Asker: 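I have a structure I would like to understand better, so I am pasting it below and will then ask my questions one at a time.
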Amino acid sequence: MALKTAQEYVDSLRELKTRVYMFGEQIENWVDHPMIRPSINCVAMTYALAQDPQYKDLMTVKSSLTGHTINRFTHLHQSTEDLMNKVKMQRLLGQKTASCFQRCVGMDAFNAVFSTTYEIDEKHGTNYHENFKKFLIYVQDNDLTVDGAMTDPKGDRSKSPSQQSDPDMYVHVVERRPDGIVVCGAKCHQTGSINSHWHLFMPTIAMKEADKDWAVSFACPTDAEGMYMIYGRQSCDTRKLEECASVDVGNAKFGGQEALVVLDHVFIPNEYIFLNGEYEFAGMIVERFAGYHRQSYGGCKVGVGDVVIGAAALAAEYNGVEKASAVKDKLIEMTHLNETLFCCGLACSAQGCKTKAGNYQIDLLLANVCKQNVTRFPYEIVRLAEDIAGGLMVTMPSQKDFNSDTVVGRNGETIGEICEKFFAAREGVSTEDRQRVMRFLENMCLGAAAVGYRTESMHGAGSPQAQRIMIARQGDIEGKKQFAKEIAGIE
Ligand code: SF4
Ligand code: FE
């Protein structure tokens, strides 16, 4: 089957009976909802760019399973070059949307579940790998968006899944039938949930024998019976509901999306089960998925960073200070930080290796170092962007004021004319362009897009401490002690 166009992707969402709630009510036409649509446009961009001859080599690839041309977002990486191309593709998408384009969580889940199911079958004689391959061929051939769902609510963090007073704090099996399982629970802050055709659920922590019923991985359609989503709020999100606020929104075209995904007794047929009680493999899926997604941040956040740097440079230009050496130096620093993240994304890809199942995995230590840097550098980049932009990005009157005919001046000037006069940019630059770049920076630094560029940089793909645990595990301090001993002459 052919790759979907962006329009076909949007139309395909309309065919689903996905249950979405927001502000305490069910949203019937969520595809056209002004708060949701920008996030759909973002995913649609992963389809649009795959149709563009200019980006064909980056966005499309031959399937290792069928030989068909597929979107790279559904691909199993076959080489370190594939891993690097993935990062480059994500940077491109970041540059085109300045948002989280959501489709990577599925790609990262495919690669983690593909390699782990192979190893589960090898040990237990199960049939998960074949199940998964069939599912993935269906996804590739239909060019579907799949949400990789990992983060459980977790309840009391000091207790394991089986010790929680409410067993639903982690997704778990409540009934085993000859033809499948019934699952309950939820996944939190789930990126791109509503915009996906299917979900691929995975456990969120390593588990012990007592947690067997929680060691479960499976796929299900987004509109499965018993499944629904409660939409997550973002800073300044209701600006998208205001009339005539395209400037105030900052990025009216694109945005990210998170939701609480609830599984209320959802039936999963056997063919869509990829882990069911083999608890010792829960940790492997988590580690691999997290590794891939930490690599991803060395691409997507860099692309968004490119747009932030560009906007800061424009703000300086519109204010007439672009030649000041202090401004130039700040732009250099922002670029240096951003490219350092890209280096990390490429490095963990270049150092990748083949898994037993045959797909390629990133270097886990370097992927964790990549993400650890992402928990810091975008904060410094937005700090410098705010520094360059000046306070106007948060103090400017609304677009309605700029458009207003209400007379306020002694000489009959309107509110719009007064705003125009006092917020004028340098000569040759329209006030509206200055407004736009300021509002865009506001959106990136502390508005809705800051979800994707700031807090997601901190907590997405695991909070900083999760990377530090992996760095401790992978850092080989013993080996390093040995280097020191040998040179220092210590027996
Ligand atoms: Fe993709 Fe980045 Fe969004 Fe994750 S945070 S889904 S890697 S764009
Ligand atoms: Fe993310």
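Note that the structure is a prediction, hence the values are computed from the model and not measured. As the structure lists them, so they are numbered: ligands from 1, and atoms in each ligand from 1.
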Asker: For a distance under 2.8 Å, give residue and atom name for each protein N, O or S atom next to atom 3 (Fe) of ligand 1.
Answerer: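 The answer, once waters are left aside, is Cys100 SG.
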
Asker: Just checking, is any N or O donor in the side chain of His75 or Ser63 under 3.5 Å from an acceptor N or O on the other one?
Answerer: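 The criterion, which ignores hydrogens and geometry beyond distance, is not satisfied for Ser63 and His75.
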
Asker: Please test Asp82 against Asn85 for side-chain hydrogen bond (donor to acceptor under 3.5 Å, both in side chains), starting from the C-alpha separation and ending with a verdict.
Answerer: CA-CA 5 Å; Asp82 264 355; Asn85 280 335; 4.7 Å; no

Asker: Do Gln78 and Ser64 have side-chain atoms, one donor and one acceptor, less than 3.5 Å apart?
Answerer: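 A pair is found: one side chain offers a donor N or O, the other an acceptor, under 3.5 Å apart.
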
Asker: When you measure from the side chain of Lys86 to the backbone N and O of Arg72, does any donor-acceptor pair fall under 3.5 Å?
Answerer: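 Not a single qualifying donor-acceptor pair exists.
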
Asker: Are Gln361 and Tyr292 side-chain neighbours, meaning at least one heavy-atom pair lies under 4.5 Å?
Answerer: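 They are in side-chain contact.
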
Asker: Among the N/O/S atoms of Glu456, which is closest to the Fe ion (ligand 2)? Give the atom name.
Answerer: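 Result for Glu456 and the Fe ion (ligand 2): OE2.
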
Asker: Would you confirm whether Tyr379, through its side chain, and Arg454, through its main-chain N or O, come within 3.5 Å as a donor-acceptor pair?
Answerer: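 Looks like yes, one N/O pair under 3.5 Å.
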
Asker: Does Tyr297 bring an N, O or S atom to within less than 2.8 Å of the Fe ion (ligand 2)?
Answerer: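 True for Tyr297.
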
Asker: Could you tell me if the side chain of Arg37 sits less than 4.5 Å from the side chain of Trp30, heavy atoms only?
Answerer: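 Heavy-atom side-chain distance check fails, nothing below 4.5 Å.
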
